[in-house]
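Working notes for the structure below.
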2 protein chains.
Amino acid sequence: MTRRGRVDETLLLDNQLCFLVYRLHRGITDLYRPVLAELGLTYPQYLVMLVLWESDPLTVGQVGGRLHLDSGTLSPLLKRLETAGLIARTRAASDERSVEVSLTAQGRALREQAATVPAAVGGCLSATADEYRQTRELFSDLLARVDAASR
Amino acid sequence: MTRRGRVDETLLLDNQLCFLVYRLHRGITDLYRPVLAELGLTYPQYLVMLVLWESDPLTVGQVGGRLHLDSGTLSPLLKRLETAGLIARTRAASDERSVEVSLTAQGRALREQAATVPAAVGGCLSATADEYRQTRELFSDLLARVDAASR
DNA sequence: CATGATTAGATTGTGTCCAATGTAAACTCA
DNA sequence: TGAGTTTACATTGGACACAATCTAATCATG
């Protein structure tokens, strides 16, 4: 394809989709950081709270399944959320291996404050709700392909 | 929009574009990891090499400008690339504050091996080159918007 | 020219992310 | 039932990413 000694344009940074995703990820977290800082959360911690606001309680494994994170990441993260008073962790009675993660009153209350977060950030990403949905579909398809490839 | 006590669907994980980008970023690095491991590189290290294969030498600041990374990230990363024998770091004669990063013969040689990397990974992302370009455009626009928003 | 401000990198500390390993509980099935 | 396997989570260690601070060199301005 490329001749010897010439620039291989597939190796050019700007041509790489993956670099755009990498930059996009960091750019978006830059948008979230100041907003979430007011809630005392990091972005991954916010994701865990989103999951628990949808369904509570959940085991550590269930939270991990939702976010595709393992205990190596979740254990210390959940410990910090517990220290912050937002969640409680208790060994499940039915299976002493599992740990149930549940929201505290403070953790539930934080949801009210968080209600404004998506609008504050999402507005930067798309002009219209339709465009937002459309982009989301494309990303979703792409993610499915990536997940399938790593199988 | 949402009534009190009802689920706020903007807080649903699956509705959030940012979560897709977050997952996409990690999914794509999962694809790169085994391929780059054969070159002895992590993904961020690979990015630095891409930048240097395009233009060599560069100061630490120039590399950082290209990747949007600061010295807090780059200093230890470049130290590891130096230990691996891929780059050299020398104080610039013209300005003793700057450090010039240059490829070693080994670092230049690695490029041949890396030539197959984009195809190995990019194939998972899009079926056709046209689709790839189209997706890239969309990401590029979105990134521009995000960068503009964080100003 | 001397002093204060700015700049380039390095360092330190915190929080992910992931691989590898450890530990205790639960399961399997001979 | 009981020994071996599997499962759930915790821990450790390496590598980013980012904020904050530090140091040394350069610049700006009087």
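Residue numbers start from 1 in every chain, and the chains themselves are labelled A, B, ... in the order their sequence lines are given, proteins ahead of strands. Just so you know, these numbers come straight off a predicted model, no measurement behind them.
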Just the rounded figure in Å: distance from [atom2] of [N] to [atom1] of [X].
| X | N | atom1 | atom2 | result |
| --- | --- | --- | --- | --- |
| B:R80 | C:dA10 | CZ | C1' | 14 Å |
| A:L81 | C:dT14 | CG | C1' | 15 Å |
| A:K79 | D:dC9 | NZ | C1' | 11 Å |

Kindly say if [X] contacts the phosphate of [N], meaning a side-chain N or O under 4.0 Å from OP1 or OP2.
| X | N | answer |
| --- | --- | --- |
| B:S75 | C:dA10 | yes |
| B:R97 | D:dC27 | no |
| A:R33 | D:dA19 | yes |
| A:T42 | C:dT16 | yes |
| B:T59 | C:dG9 | yes |
| A:R26 | D:dC18 | yes |
| B:Y22 | C:dC17 | yes |
| A:Q45 | C:dT16 | yes |
| A:R89 | D:dA10 | yes |

Legend entry - Side chain of B:T73 (C-beta onward), nearest among C:dC17, C:dT16, D:dA17: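 Between C:dC17, C:dT16, D:dA17, the one nearest the side chain of B:T73 would be D:dA17.
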Inset, instruction - Look at atom CD of A:E38 and say whether more than 12 heavy atoms of other residues, nucleotides or ligands are closer to it than 6.0 Å. - result: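 Not more than 12 within 6.0 Å, no.
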Inset, instruction - Using a strict cut-off of less than 4.0 Å between a Lys/Arg side-chain nitrogen and an Asp/Glu carboxylate oxygen, indicate whether A:R145 and B:E131 qualify as a salt bridge. - result: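 Yes.
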Inset, instruction - Taking only Lys NZ, Arg NE, NH1 and NH2, and the carboxylate oxygens of Asp or Glu, determine whether A:R91 and A:E100 approach each other closer than 4.0 Å. - result: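 No salt bridge links A:R91 with A:E100.
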Inset, instruction - Would you mind classifying the nucleic acid contact of B:L77 as base, sugar-phosphate or nothing, using non-hydrogen atoms under 4.0 angstrom? - result: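 B:L77: backbone/sugar contact only, no base atoms under 4.0 Å.
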Inset, instruction - Would you indicate what A:G72 reaches in the nucleic acid, counting non-hydrogen atoms under 4.0 angstrom: base, sugar-phosphate, or nothing? - result: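 Counting heavy atoms under 4.0 Å across all strands, the contact made by A:G72 includes a base.
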Inset, instruction - Establish, for the pair A:R26 and A:Y22, whether the NZ or CZ atom is under 6.0 angstrom from the six-membered ring centre and no further than 45 degrees off its axis. - result: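 Geometry flag: set, cation within 6.0 Å and 45°.
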